[in-house]
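As structure tokens, the structure follows; a few thoughts come after it.
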Amino acid sequence: MLNNILPAFLVGGLLCVAGQLLMDLTKAKITPAHVLVGYVTGGVILGGLGLYEPLVRIGGAGATVPLSGFGYTLVKGAMEGAQSGGILGVLAGGVQAGATGIAVAVLFGYLTAIIFNPKG
């Protein structure tokens, strides 16, 4: 069990540290929104080139849970959809692959909004 947790912690932690360093150490005002877009786009590009898969094999959830993992999931679904359904499969495959993650995020966001009272 520990042999799965440690690599996931290290890979996920390094991805988060890289994003934080981008925001803290660059002269340009890089915001969390820039990091979000960059990580999803990076995950798509690296996934499409086949370079993200080794990181997933090493880091497991540490590579698939962060935003770059979402981009990887989208491109992986699009590629699988292209093989089974042609051009329409490309469009539907990414959405199908990411639908569960999106639905869970919306559900937990809604539940959190119901449980907690925001101060603003």
Side-chain angles (χ1 to χ4, degrees):
M1 182 171 148
L2 185 61
N3 59 350
N4 291 335
I5 295 172
L6 187 60
F9 176 78
L10 292 174
V11 169
L14 288 173
L15 287 170
C16 293
V17 166
Q20 190 65 48
L21 289 174
L22 280 171
M23 290 186 291
D24 291 346
L25 300 178
T26 55
K27 292 189 188 269
K29 296 294 182 192
I30 293 182
T31 65
H34 293 112
V35 173
L36 180 147
V37 171
Y39 270 32
V40 172
T41 304
V44 167
I45 292 169
L46 292 174
L49 295 173
L51 300 174
Y52 203 81
E53 185 68 33
L55 189 62
V56 171
R57 276 188 255 128
I58 293 167
T64 58
V65 171
L67 293 167
S68 53
F70 179 66
Y72 165 74
T73 300
L74 290 176
V75 77
K76 186 175 177 185
M79 290 168 70
E80 290 172 0
Q83 291 176 349
S84 64
I87 191 71
L88 290 178
V90 170
L91 299 173
V95 175
Q96 276 183 317
T100 303
I102 294 169
V104 168
V106 169
L107 174 66
F108 282 113
Y110 180 72
L111 292 175
T112 302
I114 290 173
I115 295 170
F116 299 101
N117 187 18
K119 295 182 182 179

Joint cluster assignment, Leu55 & Leu49, ILVMFWY side-chain distance < 4.5 Å: yes
Going hydrophobic residue to hydrophobic residue with side-chain gaps under 4.5 angstrom, can you get from Ile102 over to Tyr72? yes
Kindly compute the distance separating CG (Leu46) from OG1 (Thr41), expressed to the nearest 0.5 Å. 10.5 Å
Linking I/L/V/M/F/W/Y whenever their side-chain heavy atoms sit closer than 4.5 Å, directly or via other members, would Leu6 and Ile58 fall into one cluster? no
For Ile87, look at atom CD1 and say whether over 12 heavy atoms of other residues, nucleotides or ligands are found less than 6.0 Å away. no
In terms of heavy-atom contacts, Pro66 and Ala61 come closest through CD-O, 3.8 Å
Nearest heavy atoms of Val90 and Ala82, plus distance in Å: CG2-CB, 3.3 Å
Min side-chain heavy-atom separation Ser68-Leu15 under 4.5 Å: yes
Test item: Val35 and Ile30 side chains (from C-beta on) under 4.5 Å apart, heavy atoms: yes
If you link ILVMFWY side chains whenever their heavy atoms are less than 4.5 Å apart, which other residues fall into the same cluster as Leu25? By chain and number, please. Val17, Leu21
Find the distance between CG (Leu10) and CD1 (Ile5) and round it off to the nearest 0.5 Å. 11.5 Å
If you take all heavy atoms of Tyr39 and Ala18, which pair is closest and at what distance? OH-CB, 3.4 Å
Looking only at non-hydrogen atoms, find the nearest pair between Leu67 and Leu36 and report the distance. CD1-CA, 3.6 Å
Kindly write out the residues that satisfy side-chain hydrogen bond (donor to acceptor under 3.5 Å, both in side chains) with Gln20, not counting sequence neighbours, or none if the list is empty. Asp24
According to a hydrophobic-cluster definition based on side-chain heavy atoms being under 4.5 Å apart (Ile, Leu, Val, Met, Phe, Trp, Tyr only), do Val56 and Leu74 belong together? yes
Using 0.5 Å steps for rounding, measure from the CZ atom of Phe9 to the CG atom of Asn4. 15.0 Å
Connecting only ILVMFWY residues whose side-chain heavy atoms lie within less than 4.5 Å of each other, what is the rest of Val65's hydrophobic cluster? none
